[in-house]
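Beneath this line is the structure, given in structure tokens, with notes to follow.
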There are 2 protein chains.
Amino acid sequence: MFFIEKIKWFFSVDKELSCAIKNIFGFRPGNIFLYQLAFKHKSVASERVQGYKLSNERLEYLGDALLSAIVADYLFKKFPYKNEGFLTEMRSKIVSRASLSKLSQKMGVDKLVNYNGDGKSVFKSANGDAFEALIGAIYLDKGFEFCRKIVVKRIIEFHLDIDTLQNSDFNFKSKLLEWGQKEKQTIEFNVAGEIGEGFKKQYLIHIKVNGETIAEAKDYSIKGAEQLAAEKTWILLNEVK
Amino acid sequence: MFFIEKIKWFFSVDKELSCAIKNIFGFRPGNIFLYQLAFKHKSVASERVQGYKLSNERLEYLGDALLSAIVADYLFKKFPYKNEGFLTEMRSKIVSRASLSKLSQKMGVDKLVNYNGDGKSVFKSANGDAFEALIGAIYLDKGFEFCRKIVVKRIIEFHLDIDTLQNSDFNFKSKLLEWGQKEKQTIEFNVAGEIGEGFKKQYLIHIKVNGETIAEAKDYSIKGAEQLAAEKTWILLNEVK
């Protein structure tokens, strides 16, 4: 009896998740296990298979690469006369951690994420991670072409305003480095330290202009922290100018 | 008459390239223009379309993303119980500039690259770039699944020894940062400057250990220069130990 109850319970959870995916992306999952895994943040992973702790990290790695390729293909075709610099920056805007967690919340994907940690710090990165993992799951479940169509039709064209993104100023690091080169000022990005452990680990970035530390910022990725610190520096420099 | 001559000449060139691709990858190109473009390094680009100079840079951007995704998928399936850290490092080994230019020469792709510059400095990067551009061309010409099979069967499994790669020590930057964390030493990677312009532009990286500059290196990419400088530092540190 208990066993049957358990099976029932399992099926109900599967059904719930399957419906949620259908509502968000418009298709029914084939292999539901992949989607369950995609929402399992490492903070709640306990089950081990051959020593590997079952979390969404591997799917995130796969989904991150697939998403980059699909967005690259989309931008390559949408902007046939733009150079690779433009395409690269546009892609960073679309697949940035901030953009993905925003998307995740906008589409209601965040509601499906299982994680364990204080509501703020982990939440943001957990959403972006799960979003990428979900792309990985869709790719494995349905193949590249299906996954590409979902990303283009259901995510990019449905939830992102490419024209606004195009005009939004984003890459403060490259802006800062360009300015430094033009104005003959040396700009240094230093990893000044790492705070915390495991999935809560953050990187502290210091920015020096002509050897003098102007700004610092911390984030869950070095890139993220560099952007935040570069933005602070940029604002300070413009106040001085 | 001149027109007919020109057409003949064009066809002969197309035929030559088409045969070369057939010999290297085992398939006949559909849209030969894509492959011609893939081998056109920016140093020989002159023709402009809507202000965009026709070179292989856009294809390189696309191919780089596709190659990363295909290699990610390959490693994900080949190593089902390895964590994303291992998968990420293995991929960096496979798609690193050095690895791609070596592959390019091993497969004879380098013979097809059109570039203009001194034989050494440009050559290496031009080969890697063209190799990525070629992946982009194959993807646009034949689609993802075909491109994936070519990369896996004709490149990875045919020309790379995954086991050797697995055991080869590669990421000196992360090794150095791990050591710094363990030994409570601060490690800084600084972009100390940029040398040259355009496609000859190189980045100069300084590495500081506890504020003292230990090593420097330059390369066509910041990542590449960081790895070279990290390797130098690693060797120096081991001499001291």
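Just so you know, these numbers use all the heavy atoms, side chains as well, and skip hydrogens, waters and symmetry mates.
- Put simply, the side chain of B:V49 reaches to within 4.5 Å of the side chain of A:Y81, judged on heavy atoms.
- Below 4.5 Å, heavy atoms of chain A meet heavy atoms from B:E57, B:R58, B:L59, B:Y61, B:L62, all part of residues 53-63 of chain B.
- In terms of non-hydrogen atom pairs under 4.5 Å with chain A, the most contact-rich of B:V191, B:L75, B:L66, B:D73 is B:D73.
- Counting heavy-atom neighbours within 6.0 Å of A:E212 CD, excluding the residue itself, gives a total of 12 or less.
- Here A:L87 is the residue among A:L87, A:L67, A:V71 with the most heavy-atom pairs under 4.5 Å with chain B.
- Considering only heavy-atom pairs separated by less than 4.5 Å from chain A, the leading option among B:I187, B:N83, B:T186 is B:N83.
- Here the straight-line distance linking atom CD of A:E84 with atom NZ of B:K42 works out to 6.5 Å at 0.5 Å rounding.
- Interface residue A:F76: backbone and side-chain heavy atoms are both found under 4.5 Å from chain B.
- Between B:S68 and A:A65, the shortest heavy-atom contact is O-CB, 4.1 Å.
- For a residue to count as touching a neighbouring chain, one of its non-hydrogen atoms must lie under 4.5 Å from one of that chain's; by this rule A:E188 touches chain B with the side chain only.
- Contacts with chain A (heavy atom to heavy atom, under 4.5 Å) involve these residues of residues 132-146 of chain B, listed by number: B:Y139, B:L140, B:F144.
- Counting non-hydrogen atoms of other residues, nucleotides and ligands closer than 6.0 Å to NZ of A:K77 gives a total above 12.
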